[in-house]
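Just so we're on the same page: letters track the sequence lines, and every chain starts at 1.
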Amino acid sequence: MLNLLKLSYQALTERKLRAAITITMVLVGTALLTGLDGMSAGLNEYLVQEFSTLGANVVIVYPGGLRSGAVAKITDQTTSLVERIPGVVTCAPFIQQVLTVKSSGKSITATLVGVDRSQLTLIFPTLRLREGRFGSQSDPTALVGYLISNPPGEERFIDVGQIITLEVSIVSEGRRVVQTRNLLVDGALDYMGTQGTFIPVDRMVFTSTQLANSFLNKGGKYDGLYVVTETAELADKVSEELKDIFGGGAEIFSSRSLIRTIQSITGTINTFLGSIASVSLIVAAVGIFAALYTSVLERTREIGLLKALGFPKLVIIQLFLGEAVLIGVIGGILGNVGGIGAAYLLIGLLSGRGGFEGFDSSAPHTFSIQPVFTPEMLLTVWLFSVILSLVAGVYPAWRAASLDPVVALRKE
Amino acid sequence: MVKTINLKKSYTTGKEVYPALKGITLTIKRGELISIVGPSGSGKSTLLNLLGALDRPTSGKVFIDGVDIYQLDDRELADLRNRKIGFVFQAFNLISRLTAVDNVQLPLLIRNIDSEERRRKAIKLLTAVGLGNKINRKPMELSGGEQQRVAIARALVTNPSIILGDEITGNLDSKTTQEIVQLVQDLNRRFNTTFIIVTHNMDVANQTHRIIRLRDGIVEKDISLEKAVF
């Protein structure tokens, strides 16, 4: 068996250019598949990590149905109704508004969130206090996200114990007015790394619901609800109950449902890209077929000789399949390596332009997408290319083995 | 011992049936050195292919060492070729990417012989044909005569009952032809291997023990030359 493989190998090396071309074809296909798999696994890990900043047992209710156009009104009555759903631990209504925050002559944009700050660690399990305290509903103070106290690329904006000025233009009694309000900062949060995703905690300023309500002139209406359930599994069940309560008047999200939705989208994209990569491997298989078939034609006399020397059909099939498999094995390994290299190179290029790093490279622990490769995945891709190569070799090998030795030996 | 009984072979092209062999009955003893001569189309190559188990006859039988070879299936026939028959061709048919010693080992690759033993046998045969010092040369690095010596060593390495040669000197000049004929005579004596060679060259035929002349698919003459000198 080993002797036969050596013969196959020698036959390959005799036609170096042709072997190199077919191996390159397999390499490219395998590299594409490997790289894509690694990138999508990395993207998936990134998304799961990003969305896990919101607790897996948290459901968010946003009034305003995307499909129905109806808008549910969320008040304290709604909140107590939701709190009575079995499996719900607590229900924290929130008010949310993008506004300008000023401090000692400088200003930045932030999201003001009026919420019961004592519930924040239930809603965002990875949230950590860096300095000061969270504050309660009766404190007219502010808790600031990491990027509010430390804006990227700038000097420190605010410290605990200092005053910030909130400035927002709202519609009051039919007129647009600019409201301002001074708040004492009594807490600062640690870095979360959620910028750019759907809840930018690092760019938020938290205060009590009452203060936000009066400052933003909300009249007792909330912008949404954070519903905390007993377990992550219950989140789906509670989501269903919430859909019944709000009908089409609100969108119900949970980190689980968001991850599922995004994964189904990325899954579709991956299937699409993966099939393109597979097509390139199939093209490689056609290349192997053509190369081996040509080789069978060129080596007709040699095959005739082997038959005259008593080589059985099966051995001749093995000789040619051996060549196909060698092409697949070598191309597959090089393709695995090339795919890993290409994935890192691509990520490097993208993050070099700031594409995947987010917009704050100064943040303490920037989290960017890293391709993820598992041995099982590499092996699967590798096996796929080896098997495709083998399949491509079947017909040429069979043709070679079926040659009539008398005719084959006579061939010039 | 090789024996043929009323061996016939016809080729069919379209509606035409062309009889290449019309009934050959021969007995060839172990250790004979035989030449088959005759004009083109007389059936020499067809006979050689049938003796070599490369083809199947239309009718008739071939016995090699008592085995009715065309009763065997393809797999058994391949095994018989490997064990009982050696081939030497006009165009040498060496594999150009392999060295002389690897070419000679080739028929042993499909046998259960360890690589040391294979190599040792191959070197022994290469030495016997006078190429003991060129075992690692590739065919391109050898002269025509030397290449044919490698091919003869390859035919002998399995220790076969018969060696079939098809115009083995056809590609060689007269001096080299004579060297190869002497080598064949020498090997025939030393190993007592039966040689059956098809040739156009009467100088070559006249140095064998027996000349079988074919014409139109039948044996026209079967002359024993043993001890005879021309």
| task | Please name the pair of heavy atoms, one in B/Ile110 and one in A/Pro312, separated by the smallest distance, quoted to 0.1 Å. | result | CD1-CD, 3.9 Å
| Contact check, side chains of A/Leu409 and B/Leu54, non-hydrogen atoms, under 4.5 Å | yes
| Within 6.0 angstrom of A/Tyr9 OH, more than 12 heavy atoms from elsewhere | no
| request: Counting only heavy atoms closer than 4.5 Å, note whether B/Leu98 contacts chain A via side chain, backbone, both or neither. | output: side chain
| request: Taking atom CD of B/Glu116 as the centre, report whether more than 12 heavy atoms of other residues, nucleotides or ligands fall under 6.0 Å from it. | output: no
| field | Pick from B/Asp55, B/Leu106, B/Leu164 with the largest number of heavy-atom pairs that fall under 4.5 Å of chain A | value | B/Leu106
| task | Look at atom CZ of B/Arg111 and say whether more than 12 heavy atoms of other residues, nucleotides or ligands are closer to it than 6.0 Å. | result | yes
| request: Give me the contact list for residues 83-96 of chain B versus chain A, heavy atoms only, anything under 4.5 Å, ordered by residue number. | output: B/Phe87, B/Phe89, B/Ala91, B/Asn93, B/Ile95, B/Ser96
| Taking B/Asp74, B/Asn82, B/Asn49 one by one, which has the highest count of heavy-atom pairs under 4.5 Å against chain A? | B/Asn82
| message | I'd like to check A/Leu309 versus B/Leu109 (side-chain heavy atoms, cut-off strictly below 4.5 Å). Are they in contact? | response | no
| query | Using non-hydrogen atoms and a limit below 4.5 Å, what part of residues 10-22 of chain A faces chain B? | reply | A/Gln10, A/Ala11, A/Glu14
| said: Please classify the contact of B/Arg75 with chain A as side chain, backbone, both or neither, using a heavy-atom distance under 4.5 Å. | reply: side chain
